[in-house]
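Step one of this worksheet: look at the structure below.
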There are 2 protein chains.
Amino acid sequence: MKKYYSISDVAARTGISAYTLRYYDKEGLLGFVKRSESGKRLFTKEDFEPLYTITVLKRSGMPIRKIRDFMNLYLLGNETIHNRYVMFEEQRRSLIQQIRELEEMLKIVDYKCWYFQEAEKRNDINYYKKLPAEEVDPRIVEFNKIVEDFREGSSETEL
Amino acid sequence: MKKYYSISDVAARTGISAYTLRYYDKEGLLGFVKRSESGKRLFTKEDFEPLYTITVLKRSGMPIRKIRDFMNLYLLGNETIHNRYVMFEEQRRSLIQQIRELEEMLKIVDYKCWYFQEAEKRNDINYYKKLPAEEVDPRIVEFNKIVEDFREGSSETEL
DNA sequence: ATAGATGTTAGAGTATACTCGAAGTCAAGA
DNA sequence: TCTTGACTTCGAGTATACTCTAACATCTAT
């Protein structure tokens with residue numbers, strides 16, 4: 001006798017709503033889930049590993065269609081180990097790039113937080129414009145260069 | 001005589017399409033952009049700073065509605081410096097949380113890449129199950145614990 | 001046996017962020 | 001003057017990922 005988990009049980013345990021689980025099934029992500037004679041989904045203990053993998057891929061920013069492609073490879077077993085490895089390697093690179101991007105944004109947001117505090121002290125959002133050039137904080141100069149590059153369309157020099 | 005930039009010029013320089021710029025305007029993000037008598041948008045040199053801020057907030061994951069709220073504060077000038085500071089501080093915390101989340105995902109994806117390579121060597125995605133417990137790599141044991149926690153619905157213990 | 005909880009499907013609705021098409025306006029050069 | 005090209009608005013269309021409703025089926029406990 002095998003224990004099965006109902007869709008609402010899985011929903012409660014995983015935090016994925018039953019609606020979303022059905023949607024994932026409809027989109028071809030849950031091909032591994034068995035059904036009862038009457039058509040009800042029967043989740044097993046083992047199904048939680050692919051379910052967890054789905055959440056990891058989703059939280060990594062992978063779109064549903066690509067997760068579906070991965071799950072289709074999963075269903076084919078050992079023949080697709082290499083393909084699945086390649087997909088994870090690609091996702092690894094994507095994650096590193098996403099982290100880099102957010103870290104770059106964090107630097108700018110950190111600067112902005114500092115700048116707003118300086119501006120608040122003086123109650124003037126453009127206080128530095130009234131200062132002699134040598135008294136302007138280098139952080140402000142650097143930021144203004146970034147904005148200038150943005151205006152010059154420097155993003156074209158990427159490739 | 002002041003130089004103005006047309007919408008297509010701004011689009012070419014910033015990489016934001018003219019369609020998107022008009023959409024942002026419609027959503028209330030570009031309240032700072034002047035118009036000609038005939039209604040054409042006249043972007044100035046100074047407009048590139050708020051435009052850049054919009055891209056930073058967007059790349060930081062801020063939804064358009066919230067960027068609109070920020071830009072409305074921007075239009076009000078010095079009276080809203082503190083409010084804008086608070087919004088950036090919040091965005092700073094959000095970014096740190098997003099980075100943490102992606103770093104957590106990266107750890108798991110790194111593990112998966114390693115595991116798929118081990119499985120590929122043996123052409124068996126479940127090779128470790130046939131091993132005596134003491135020969136199973138601790139990384140596998142650790143991962144299986146995470147999946148088990150997921151099955152137990154451990155996310156409920158967050159708060 | 002029947003009520004109520006839980007499950008099923010198909011399909012509609014929501015939210016977000018664009019992306020585009022149509023019809024019309026306007027300024028500048030041949 | 002006229003044509004061309006860039007601009008305008010409005011509204012429709014697209015893509016993604018849910019989220020929910022309706023109608024019906026099934027299972028369980030009294």
Side-chain angles (χ1 to χ4, degrees), chain A residues 1-44 47 51 53-71 91 94 98 101 105, chain B residues 1-44 47 51 53-71 91 94 98 101 105:
Chain A
M1 52 178 288
K2 211 163 185 176
K3 205 211 161 179
Y4 289 112
Y5 299 79
S6 72
I7 196 166
S8 57
D9 195 358
V10 172
R13 285 162 181 272
T14 64
I16 308 168
S17 79
Y19 291 145
T20 303
L21 285 167
R22 290 194 196 97
Y23 165 68
Y24 285 172
D25 200 2
K26 192 153 50 175
E27 294 302 310
L29 274 62
L30 306 187
F32 55 86
V33 179
K34 288 187 178 47
R35 297 291 188 118
S36 73
E37 276 185 33
S38 62
K40 290 189 180 171
R41 289 173 189 84
L42 302 173
F43 292 82
T44 66
D47 289 346
L51 276 174
T53 300
I54 288 170
T55 67
V56 168
L57 292 174
K58 215 182 71 65
R59 292 164 72 193
S60 300
M62 187 182 281
I64 261 65
R65 298 184 77 158
K66 208 167 177 187
I67 301 178
R68 183 201 58 203
D69 295 343
F70 178 82
M71 296 314 294
Q91 196 58 21
S94 161
Q98 288 179 66
E101 161 80 356
M105 293 307 107
Chain B
M1 54 175 289
K2 211 164 185 175
K3 205 212 160 179
Y4 290 112
Y5 299 80
S6 72
I7 196 166
S8 57
D9 195 358
V10 172
R13 285 161 181 275
T14 63
I16 308 169
S17 79
Y19 291 144
T20 303
L21 286 167
R22 289 195 196 98
Y23 166 68
Y24 285 173
D25 200 3
K26 192 153 49 174
E27 293 301 311
L29 273 62
L30 307 187
F32 54 87
V33 180
K34 287 184 179 46
R35 296 293 187 117
S36 73
E37 276 186 30
S38 62
K40 290 187 182 175
R41 289 173 189 85
L42 302 173
F43 292 83
T44 67
D47 289 345
L51 276 174
T53 301
I54 288 170
T55 68
V56 169
L57 292 175
K58 215 183 70 64
R59 291 164 71 193
S60 301
M62 189 183 279
I64 261 67
R65 299 184 77 158
K66 208 166 177 187
I67 300 178
R68 183 200 59 204
D69 293 344
F70 179 82
M71 296 314 294
Q91 196 59 19
S94 162
Q98 287 178 68
E101 160 81 356
M105 293 305 107

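These values consider heavy atoms only, across backbone and side chains, with no hydrogens, waters or symmetry-generated copies. First the proteins, then the strands, lettered A, B, ... as listed; each starts at 1.
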List the atom of A:A18, the atom of A:A11, and the distance in Å for their closest heavy-atom pair. N-CB, 3.7 Å
Nearest 0.5 Å, please: how far is [atom2] in [Y] from [atom1] in [X]?
X	Y	atom1	atom2	result
B:R13	B:L51	CZ	CG	12.0 Å
A:I7	A:D9	CD1	CG	11.0 Å
A:T44	A:Y5	OG1	OH	8.5 Å

Going 5' to 3' along nucleotides 14-26 of chain D, which nucleotides have protein heavy atoms under 4.0 Å from the base (write B), which only from the sugar-phosphate (write S), and which from neither (write -)? --SBBBBB----S
Take the protein atom [atom1] of [X] and the nucleotide atom [atom2] of [N], then report the distance between them rounded to whole Å.
X	N	atom1	atom2	result
B:L42	D:dA6	CG	P	17 Å
A:Y4	D:dC27	OH	P	14 Å
B:I67	C:dC18	CD1	P	8 Å
B:D25	D:dT8	CG	P	9 Å
A:R22	C:dT9	CZ	P	8 Å
B:I7	D:dT9	CD1	C1'	12 Å
B:E27	D:dC10	CD	C1'	14 Å

Only pairs under 3.5 Å count here: list side-chain donor-acceptor contacts from residues 53-65 of chain B, not counting sequence neighbours, and write none if there are none.
from, atom 1, to, atom 2, distance (Å)
B:T53, OG1, B:E49, O, 3.1
B:T55, OG1, B:Y52, O, 2.6
B:R59, NE, A:E101, OE2, 2.7
B:R59, NH2, A:E101, OE1, 2.9
B:S60, OG, B:V56, O, 2.7

Could you tell me whether A:K66 sits above the aromatic face of A:F70, with NZ or CZ closer than 6.0 angstrom to the six-membered ring centre and within 45 degrees of the axis? no
Go through the structure and list residues passing side-chain hydrogen bond (donor to acceptor under 3.5 Å, both in side chains) with B:Q91, not counting sequence neighbours. none
So what does A:R41 hit on the nucleic acid, given a heavy-atom distance under 4.0 Å: a base, only sugar-phosphate, or nothing? sugar-phosphate
What parts of residues 28-37 of chain B reach DNA chain D, counting only heavy atoms under 4.0 Å away? B:R35
For residues 21-31 of chain A, which side-chain N or O atoms pair as donor and acceptor with protein atoms under 3.5 Å away, sequence neighbours left out?
from, atom 1, to, atom 2, distance (Å)
A:D25, OD2, A:R35, NH2, 3.0
A:D25, OD2, A:R41, NE, 2.6
A:D25, OD2, A:R41, NH2, 3.3

Axial bend angle, the helix from C:dA1-D:dT30 to C:dA30-D:dT1: five-pair end segments, nearest 10°: 10°
